[in-house]
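Let me begin by presenting the structure, written as structure tokens, before commenting on it.
Computation of the quantities below employed the complete heavy-atom set of this structure, encompassing side-chain atoms and omitting hydrogens, waters and symmetry-equivalent molecules.
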Amino acid sequence: HLLRYFGAFLIESGVLVTVVAEVAEDMSSSGKHRSHGGSSRHVKRERLVVLDDDDEVVPVKMPMYHWTGEDRRSRHCPYLDTINRSLLDFDFEKLCSISLSHINVYACLVCGKYFQGRGLKSHAYIHSVQFSHHVFLNLHTLKFYCLPDNYEIIDSSLEDITYVLKPTFTKQHILNLDKQAKLCRAYDGTTYLPGIVGLNNIKANDYANAVLQALSNVPPLRNYFLEEGNYKNIKRPPGDIMFLLVQRFGELMRKLWNPRNFKAHVSPHEMLQAVVLCSKKNFQITKQGDAVDFLSWFLNALHLALGGSKLKKKTIITEVFQGSMKIFSKKLPHPDLPAEEKEQLLQNEEYRETMSESTFMYLTLDLPTAPLYKDEKEQLIIPQVPLFNILAKFNGITEKEYKTYKENFLKRFQLTKLPPYLIFYIKRFTKNNFFVEKNPTIVNFPITNVDLREYLSEEVQAAHNQTTYDLIANVVHDGKPTEGCYRIHVLHHGTGKWYELQDLQVTDILPQMITLSEAYIQIWKRRDDANNEIHRQGA
């Protein structure tokens, strides 16, 4: 018998030509050819397929052909031992290090640098010839190639590299995340707990790092973003850049919870670039920002990018964090007016109390004014206040005066719906036209068992089976208002231990030490009836 199929690859002047031909069997093995004119052999030529340098060679599908197009060298590449996993870092923007293009980018697995293309005269090809670095990974298709020979590498030993570039989580894995207390070992030998991973402070982005760490430890939000299928098919208007925020946050979440990382820390570079772009440079990597301003903007931007609306359409953000309250507001007469005139004005419709309903993502807790004078030892007294004192603002009775440029209002608040996860913003900074002042008051709070039932009206209490909350994250601001830094305390649900994270530093901390800090943002988790005992043990 003659050879049935053959394939030849010709590289000529930068163009790849694939020739596919079939040689028929001898006349003795198939009687069909005799009916085609009695010839002993029948040769059938197929069309030539011309491909660009950077395109992949795809086998031409022909009827009755079984040629796979796989190069014999694909499974026996001699250069796999040159891969240096300790230099691989996929946290940074996927740009060619020479052309700065993000199209068709390959990572050199020997030195870790990014290059564009793999055809002749491309940056990756030239790099492979110049430095004898032969193994490359396409950062989009996740395929490996050997250059300059230009064949695909197929080897199961490379799966750990693709997993670091694009971690994936099964539903079962996600369900077990809060039950696991096992340490993971990174490629460089350091051990870490998935989810309790340091974030790199590129210059002055610790305010964003603290917020991202806090949100990554909110289980429903984390579980939603770990599975890309939950948000991948959400339709957005053409040219909408806000969805980039969702994609980058999902990628960061999967890296933080990756049990097979090469290193025990993550750089939020791509996430922060999306923040700078989507916030129109209101929040930057190189300039210190306010963690509460960033949290407020980030939650609302995620909600809208996921297809939510201000009133009706809900998303995972509103399901997790959104509560509601009644606001009772009453206009006050000008304080300089005579008493009789004030009495007359209060009878007007304009000065009567009005009630409105409003939703909230977080509750603002006002601190009492800090003392101005030093004590007898010439030291400032650091005042303390119990958490329940500053929560009294929301009991529906306590009134607070709000001053505007023209008018004064008296307001009181009553909670009508408690969300599964409640965020407290402890208002430490007072801003005016000249400077920013920080209130150093320490808030005394328990780590567990904060019951908010008394802040609900009687009819609303019946609709809430559980009103008890446990602390899961505590963001702290240290130092001066304009020069300070942020750190965060988070509870690891699997071990029940508390950890302090400040940029790349991760240390365990006693729960008693958390209450001594200048807390700025807190996230509390509502207990469920079924898991009441589990939460108590974890806390």
Side-chain angles (χ1 to χ4, degrees), residues 167 169 174 177-178 193-201 205-228 230-231 242-258 266-272 274-275 278-279 283 289-306 308 315-323 360-363 419-425 469-477 486-493 498-503 506 519-526:
F169 292 81
I174 293 171
L177 281 176
D178 290 334
L193 276 169
I196 310 296
V197 179
L199 281 175
N200 189 21
N201 187 356
N205 55 277
D206 54 329
Y207 72 97
N209 286 358
V211 170
L212 294 171
Q213 289 281 18
L215 295 178
S216 72
N217 280 278
V218 176
L221 192 69
R222 173 202 68 198
N223 297 351
Y224 180 87
F225 281 97
L226 284 181
E227 200 172 346
E228 195 178 0
N230 288 331
Y231 57 84
M242 297 305 287
F243 195 69
L244 184 65
L245 212 60
V246 175
Q247 292 172 322
R248 293 288 182 258
F249 186 57
E251 289 169 10
L252 179 67
M253 201 73 83
R254 289 189 287 276
K255 285 176 180 176
L256 286 171
W257 285 91
N258 183 2
V266 173
S267 176
H269 189 263
E270 286 189 292
M271 173 77 244
L272 293 172
V275 166
C278 296
S279 69
F283 301 101
D290 189 289
V292 169
D293 291 345
F294 175 69
L295 174 68
S296 178
W297 172 83
F298 189 65
L299 289 179
N300 281 294
L302 280 181
H303 170 63
L304 295 173
L306 287 167
T315 62
I316 185 67
I317 306 296
T318 51
E319 286 172 13
V320 172
F321 295 117
Q322 192 176 76
F360 64 85
M361 288 287 193
Y362 57 83
L363 295 176
Y421 289 82
L422 186 60
I423 301 176
F424 288 160
Y425 156 43
Y469 284 81
D470 299 321
L471 186 69
I472 62 166
N474 181 52
V475 176
V476 179
H477 182 273
Y486 289 89
R487 56 193 167 96
I488 180 171
H489 305 124
V490 291
L491 172 68
H492 186 263
H493 297 280
W498 281 90
Y499 290 88
E500 181 179 277
L501 294 90
Q502 186 167 10
D503 300 329
V506 179
Y520 191 43
I521 301 169
Q522 295 181 334
I523 301 181
W524 296 77
K525 179 180 182 179
R526 189 175 65 198

In Å and rounded to the nearest 0.5 Å, what is the OH to CZ distance from Y421 to F321? 8.5 Å
Residues in ring-ring contact (aromatic ring centres under 6.0 Å, His included) with H303, at least two apart? none
Partners passing side-chain hydrogen bond (donor to acceptor under 3.5 Å, both in side chains) against N217 (at least two apart in sequence or in another chain): none
Going from CG on L491 to CG on L471, what distance comes out if it is rounded to the nearest 0.5 angstrom? 8.0 Å
Rounded distance [0.5 Å steps], CE in M253 versus CE in M271: 9.5 Å
Rounded distance (nearest 0.5 Å) linking atom CD1 of I317 with atom CG of L302: 4.5 Å
Check salt bridge (charged side-chain N to carboxylate O under 4.0 Å, His left out) between D206 and all other residues, then give those that pass, not counting sequence neighbours. none
ring-ring contact (aromatic ring centres under 6.0 Å, His included) against F249, all qualifying residues, sequence neighbours excluded: F225, F298
Is there a donor-acceptor pair closer than 3.5 Å between any side-chain N or O of N209 and the backbone N or O of D503? no
Taking side-chain hydrogen bond (donor to acceptor under 3.5 Å, both in side chains) as the definition, give me every residue that meets it alongside H489, ordered by chain and number, with sequence neighbours left out. N474, R487, E500
Could I get the full list of side chain to side chain contact (heavy atoms under 4.5 Å, CB included) partners for V506, not counting sequence neighbours? I196, Y499, L501
Could you name each residue pair satisfying side chain to side chain donor-acceptor pair (under 3.5 Å) that touches residues 290-301, not counting sequence neighbours? D290-Y520
Return the minimal non-hydrogen interatomic distance between L177 and L226, and the atom names on each side. CD1-CD1, 3.3 Å
What residues form a side-chain hydrogen bond (donor to acceptor under 3.5 Å, both in side chains) with E270, not counting sequence neighbours? K94
Qualifying residues under side chain to side chain contact (heavy atoms under 4.5 Å, CB included), relative to L304, sequence neighbours excluded: none
Can you list every salt bridge (charged side-chain N to carboxylate O under 4.0 Å, His left out) pair that touches residues 216-227, not counting sequence neighbours? K171-E227, D178-R222
Distance from Q502 atom CD to I488 atom CD1, nearest 0.5 Å? 11.5 Å
Do any pairs count as a side chain to side chain donor-acceptor pair (under 3.5 Å) and have a residue in residues 242-254, sequence neighbours left out, and if so which ones? Y231-R254, R248-E251
